[in-house]
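Worksheet: the structure to be examined is printed underneath.
The first residue in the sequence is number 1, and the count goes up from there.
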Amino acid sequence: MLSSFTINSRRYLGNKTKLLPFILDTVVKNCKNIESVADIFAGTGSVASAFVDKVIYTNDILKSNYICNLAWFSPKEYSKTKVESILNEFNNYNTTESNYMKDNFANTYFSAKVCSKIGFIRENIENLSKNGEINERETSILITSLLYAMDKIATTCGHYDSYRKGAKLADGINLAMPRLYDNLNQNNHCFNKDANELVREIYADLVYIDPPYNSRQYSDTYHLLENVATWQKPQVFGVAKKMDRSAIKSKYCNSTANEAFNDLITNINARYILLSYNNMATKGNDRSNARINDEIIMQTLSKKGKVSIFSQDYKAFSAGKSSIKDNSERLFLCKCR
Ligand SMILES: C[S@@+](CC[C@H](N)C(=O)[O-])C[C@H]1O[C@@H](n2cnc3c(N)ncnc32)[C@H](O)[C@@H]1O
């Protein structure tokens, strides 16, 4: 029997699942006539999932997130029976073949046997797609199933900056079927671009912004999922086995963050802008400190409209090393002029 999983069954830094009631409440109480929502730093797509009754636009610079967002939110048709039958076939297939995954990642994040199976599954999805046996939505559902299954068993603490040496490696990998939404809006659209480019091209009643807060690049943290999702089989290096990630680095993680933020806000075409940004400005270590300070946020948003701030206490990510007090997750709501 094939098991199933929801959009939130995934570990992801800065994932807003726990904040959804707070985000929804803020929107319901303060925004009028919202028919379209753009989640332009969508990550897992958890915030978009709170607005599935509207027209949704999702976007992320990482292809691994784009593919998952396509699976969850694209209104294109798919055959559930076909996808489930392929997943069952993959689950029942035994292999120890050599392939890109086994050759490069054996006994790191996964055992050699599991690497072999991941490589086999991903290659087969690629071939089914190239031969026209599965459409784009079906392809994205199968890859999403693989990425979530990998996340469940990887010997990491949720990110791929390193693997836990000597940890017990899972003996197998089990694919499950995503519990997809019914009645998605036919105008939904998923994008895979720099958010600063995208905002010049779209209008939405509400644009939700959840950029990276600090110097941790998501392309570093999730390189392995990105590698499997894109399946270009690049050369990998270093202990963590990362590929070249220069094309997917975010401007929001370095000193250009203020400039990028100003350009983003200036070019947004919306009635409301909702920004998530925590107040770690100078409280953690250098790596976890926020890149954009409150003054800049307020100055920039105020040029666009009237700004209100809502806050809720929320536990920060600090790799378990430091306990950072008074951390609260804030929402800046700008009612655009
Ligand atoms: C804080 S996370 C978003 C988490 C998301 N709200 C969730 O609940 O899963 C920030 C996301 O922005 C993406 N990102 C970083 N820079 C970007 C850019 N310039 N354009 C689009 N996406 C970007 C990262 O890949 C990451 O997934």
Side-chain angles (χ1 to χ4, degrees), residues 1-11 44 62-72 74 76-156 158 160 163-164 167-180 222-236 241 243:
M1 242 303 264
L2 207 56
S3 51
S4 65
F5 63 94
T6 62
I7 188 166
N8 299 318
S9 341
R10 182 182 163 189
R11 297 174 292 175
T44 61
L62 295 187
K63 192 138 192 186
S64 43
N65 290 331
Y66 164 69
I67 290 175
C68 294
N69 289 165
L70 268 184
W72 296 114
S74 162
K76 302 251 167 66
E77 292 295 317
Y78 70 99
S79 159
K80 189 165 188 245
T81 325
K82 193 205 293 183
V83 171
E84 287 185 340
S85 141
I86 297 171
L87 290 174
N88 273 321
E89 257 179 64
F90 286 154
N91 279 342
N92 293 330
Y93 192 85
N94 277 322
T95 178
T96 53
E97 70 171 32
S98 284
N99 54 37
Y100 173 76
M101 282 302 291
K102 187 173 175 185
D103 294 348
N104 289 290
F105 296 97
N107 300 320
T108 57
Y109 304 91
F110 309 99
S111 67
K113 186 175 145 201
V114 168
C115 283
S116 178
K117 180 95 174 228
I118 294 170
F120 167 84
I121 293 170
R122 186 60 189 89
E123 187 67 20
N124 270 271
I125 299 174
E126 199 67 9
N127 291 338
L128 289 169
S129 175
K130 276 189 186 142
N131 298 340
E133 290 171 63
I134 50 175
N135 66 25
E136 186 190 41
R137 181 90 189 280
E138 290 157 349
T139 306
S140 67
I141 298 169
L142 291 168
I143 297 173
T144 298
S145 175
L146 178 60
L147 298 181
Y148 274 66
M150 287 169 60
D151 180 52
K152 266 211 157 64
I153 57 166
T155 53
T156 63
Y160 297 80
Y163 49 88
R164 286 187 280 123
K168 191 174 181 317
L169 296 165
D171 192 46
I173 181 163
N174 194 40
L175 303 185
M177 180 72 189
R179 259 179 256 157
L180 299 172
Y222 298 103
H223 65 94
L224 183 50
L225 300 181
E226 188 67 6
N227 191 344
V228 170
T230 47
W231 206 235
Q232 300 291 309
K233 302 176 196 162
Q235 210 184 338
V236 293
K241 312 247 175 215
M243 74 278 189

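- Contacts of T139 classified as side-chain contact (heavy atoms from CB on, under 4.5 Å), with partners at least two apart in sequence or in another chain: I125, S129, I134, I143.
- Applying the salt bridge (charged side-chain N to carboxylate O under 4.0 Å, His left out) test to K80 and every residue at least two apart in sequence or in another chain returns E84.
- Every residue two or more places apart in sequence or in another chain was checked for a ring-ring contact (aromatic ring centres under 6.0 Å, His included) with F90, and none qualifies.
- Here the side chains of S9 and T6 are in contact, with some heavy-atom distance below 4.5 Å.
- Counting only heavy atoms from C-beta outward, the side chains of F105 and V228 never approach each other to under 4.5 Å.
- Under the rule for a ring-ring contact (aromatic ring centres under 6.0 Å, His included), Y78 has no partner lying at least two apart in sequence or in another chain.
- Applying the salt bridge (Lys or Arg N to Asp or Glu O under 4.0 Å) test to every pair with at least one member in residues 94-103, sequence neighbours left out, gives no pairs at all.
- N94 CG: 12 or fewer foreign heavy atoms inside a 6.0 Å radius.
- Annotation: side-chain contact (heavy atoms from CB on, under 4.5 Å) contacts of A167 (sequence neighbours excluded): T155, R164.
- Partners of S74 by side-chain contact (heavy atoms from CB on, under 4.5 Å), not counting sequence neighbours, listed by chain and number: L70, K76, R137.
- In this structure T230 satisfies the side-chain contact (heavy atoms from CB on, under 4.5 Å) test together with K63, E226, Q232, sequence neighbours excluded.
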Practice problem: Verify side-chain contact (heavy atoms from CB on, under 4.5 Å) between M101 and V114, making sure each step is shown before the conclusion. | Solution: CA-CA 9 Å; M101 282 302 291; V114 168; over 6 Å; no
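- Remark: Y66 pairs with no residue by the ring-ring contact (aromatic ring centres under 6.0 Å, His included) rule, at least two apart or across chains.
- Residue pairs satisfying the salt bridge (Lys or Arg N to Asp or Glu O under 4.0 Å) criterion with at least one member in residues 126-135, sequence neighbours excluded, are listed as follows: R122-E126.
- The side-chain heavy atoms of T144 and W72, taken from C-beta on, include a pair separated by under 4.5 Å.
- For D171, the CG atom is loosely surrounded, since the number of other residues' heavy atoms within 6.0 Å does not exceed 12.
- Residues passing the side chain to side chain donor-acceptor pair (under 3.5 Å) test with N227 are Y100, sequence neighbours excluded.
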Exercise. Could you check T156 against R11 for side-chain contact (heavy atoms from CB on, under 4.5 Å), going step by step and ending with a plain yes or no?
Key: CA-CA 10 Å; T156 63; R11 297 174 292 175; 3.5 Å; yes
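- With sequence neighbours excluded, the residues satisfying ring-ring contact (aromatic ring centres under 6.0 Å, His included) with Y109 are Y160, Y163.
- Between N99 and S116, the closest side-chain pair of non-hydrogen atoms falls below 4.5 Å.
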